[in-house]
Amino acid sequence: SDIADFDGRSSLLYRFNQKLMSTFKDVVSLKFKSMQEDGVLFHGEGQRGDYITLELQKGKLSLHINLGDSNLHFTNSHTSVTLGSLLDDQHWHSVLIERFNKQVNFTVDKYTQHFRTKGDSDHLDIDYELSFGGIPVPGKPGTFQRKNFHGCIENLYYNGVNIIDLAKRRKPQIYTVVRDNDVCFPSYFPAVGAAGCIE
């Protein structure tokens, strides 16, 4: 299996081949083991207001999703769902997110929440990249919007792409951003190998 050790200071960026990724269907799966009760597992956003974020908040896992809305002035199309508790117990937990248009299945361990996103859009528009382990602030390498994830992530797949395997093979579409260090260069993730994550 492919495991990465996130130290609470760095995040992995997966850069798309094109500027905009517009999807009607998304599948994200991973296992994680956390050392802290708060931290961003992954995030993507678009200039038109779309976003998807998975984060630990006080030991619970929250999925925030906004597919945007053609009528931005009148509706709030933000949807949040929270599952689990005490997920910062340093044990492995599995996550599966399946979205088809506005219908989302969000599974943590054996518990699944089915919900529909708000607003009238049914596709997710993400610009440039997805980040794993934190949300880097654009144009400010080394600064992050929220607390970074501190722990281990295993078998991380985004729409069939094995993200950690790409990082291990130092593929150019994977970048690393490190908090407080101006490090933003391709395909080097010191934590892949993950000695701290082996049982």
Side-chain angles (χ1 to χ4, degrees), residues 1-21 23 25-36 38-46 51-56 61 63-64 87-88 90-99 108 124 126-199:
S1 68
D2 294 305
I3 304 180
D5 188 354
F6 288 82
D7 58 6
R9 291 175 54 245
S10 47
S11 71
L12 269 184
L13 269 59
Y14 169 56
R15 192 71 49 92
F16 302 142
N17 294 329
Q18 67 262 38
K19 176 192 171 296
L20 172 72
M21 186 77 83
T23 58
K25 182 180 175 216
D26 290 296
V27 180
V28 182
S29 61
L30 60 99
K31 289 176 75 177
F32 75 90
K33 183 165 67 170
S34 179
M35 313 297 168
Q36 291 177 337
D38 298 298
V40 172
L41 284 152
F42 80 85
H43 174 79
E45 64 184 69
Y51 56 79
I52 183 167
T53 307
L54 180 70
E55 66 175 331
L56 270 172
L61 208 52
L63 175 64
H64 312 293
L87 298 174
D88 53 340
Q90 300 186 27
H91 289 89
W92 287 104
H93 298 281
S94 59
V95 181
L96 176 62
I97 297 162
E98 302 164 295
R99 180 184 72 85
V108 177
L124 177 66
I126 295 178
D127 290 330
Y128 303 115
E129 66 202 12
L130 276 175
S131 62
F132 299 92
I135 309 178
V137 177
K140 295 185 183 173
T143 52
F144 290 83
Q145 290 177 23
R146 302 236 259 293
K147 198 162 186 182
N148 287 44
F149 176 72
H150 185 206
C152 307
I153 296 181
E154 179 179 28
N155 295 344
L156 170 57
Y157 285 89
Y158 167 74
N159 290 346
V161 177
N162 184 335
I163 301 294
I164 296 170
D165 180 60
L166 287 182
K168 274 163 74 172
R169 293 191 287 124
R170 307 205 167 185
K171 293 296 181 182
Q173 60 266 54
I174 298 284
Y175 284 71
T176 304
V177 179
V178 180
R179 189 183 285 269
D180 299 327
N181 285 344
D182 230 357
V183 182
C184 192
F185 43 84
S187 62
Y188 174 63
F189 191 56
V192 172
C197 292
I198 308 306
E199 309 282 277

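On a predicted model such as this, the values are computed, not experimentally measured, just so you know.
Atom NZ in Lys25 sits 8.0 Å away from atom CG in Asn159 (nearest 0.5 Å). With rounding to the nearest 0.5 Å, the separation of NZ in Lys168 from CG in Asn162 is 8.0 Å. Going from atom OG of Ser29 over to atom CD of Glu154 covers 11.0 Å, rounded to the nearest 0.5 Å. In this structure, the separation between NZ on Lys19 and CD1 on Ile126 is 12.0 Å, given to the nearest 0.5 Å. With rounding to the nearest 0.5 angstrom, the CG atom of Asp26 is 9.0 Å from the CE atom of Met21. From Phe132, atom CZ reaches atom CD1 of Ile174 across 7.5 Å, with rounding to the nearest 0.5 Å.
Side-chain polar atoms of Glu55 and His43 form no donor-acceptor pair below 3.5 angstrom.
Checked by atom type and distance alone, the side chain of Asp5 never pairs as donor or acceptor with a backbone atom of Cys152 at under 3.5 Å. The backbone N or O of Thr23 lies less than 3.5 Å from a partner atom in the side chain of Arg99, making a donor-acceptor pair. The backbone N or O of His150 sits nowhere less than 3.5 Å from a side-chain atom of Asp7 that would complete a donor-acceptor pair.
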For side chain to side chain contact (heavy atoms under 4.5 Å, CB included), just list the numbers for Ile3 and Ile164, CA-CA rounded to whole Å, side-chain angles, deciding distance to a tenth of an Å, and then say yes or no. CA-CA 7 Å; Ile3 304 180; Ile164 296 170; 5.8 Å; no
Decide side chain to side chain contact (heavy atoms under 4.5 Å, CB included) for Val28 and Leu54; before the verdict, give the C-alpha distance in whole Å, the side-chain angles of both, and the deciding distance to 0.1 Å. CA-CA 10 Å; Val28 182; Leu54 180 70; 6.0 Å; no
Worked verdict on Leu63 versus Ile52 for side chain to side chain contact (heavy atoms under 4.5 Å, CB included): CA-CA 7 Å; Leu63 175 64; Ile52 183 167; 4.0 Å; yes
Using the side chain to side chain contact (heavy atoms under 4.5 Å, CB included) rule, take Gln36 and Leu56 through it: C-alpha gap first, then chi angles, then the decisive distance, then the call. CA-CA 9 Å; Gln36 291 177 337; Leu56 270 172; over 6 Å; no
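For the pair Ile153/Phe42, no side-chain contact is recorded, criterion being any heavy-atom separation below 4.5 Å from C-beta on. The shortest side-chain heavy-atom distance between Val40 and Phe149 does not fall under the 4.5 Å cut-off. A heavy-atom distance below 4.5 Å is not found between the side chains of Leu156 and Asp2. Put simply, the side chain of Leu130 does not reach to within 4.5 Å of the side chain of Leu13, judged on heavy atoms.
Ring geometry for His93 versus Phe32: interplanar angle of 30 to 60°, hence tilted. A parallel orientation is assigned to the rings of Phe16 and Tyr158, their planes being inclined by less than 30° (bins at 30° and 60°).
Nearest heavy atoms, Ser11 versus Gly134: CB-N, 3.7 Å.
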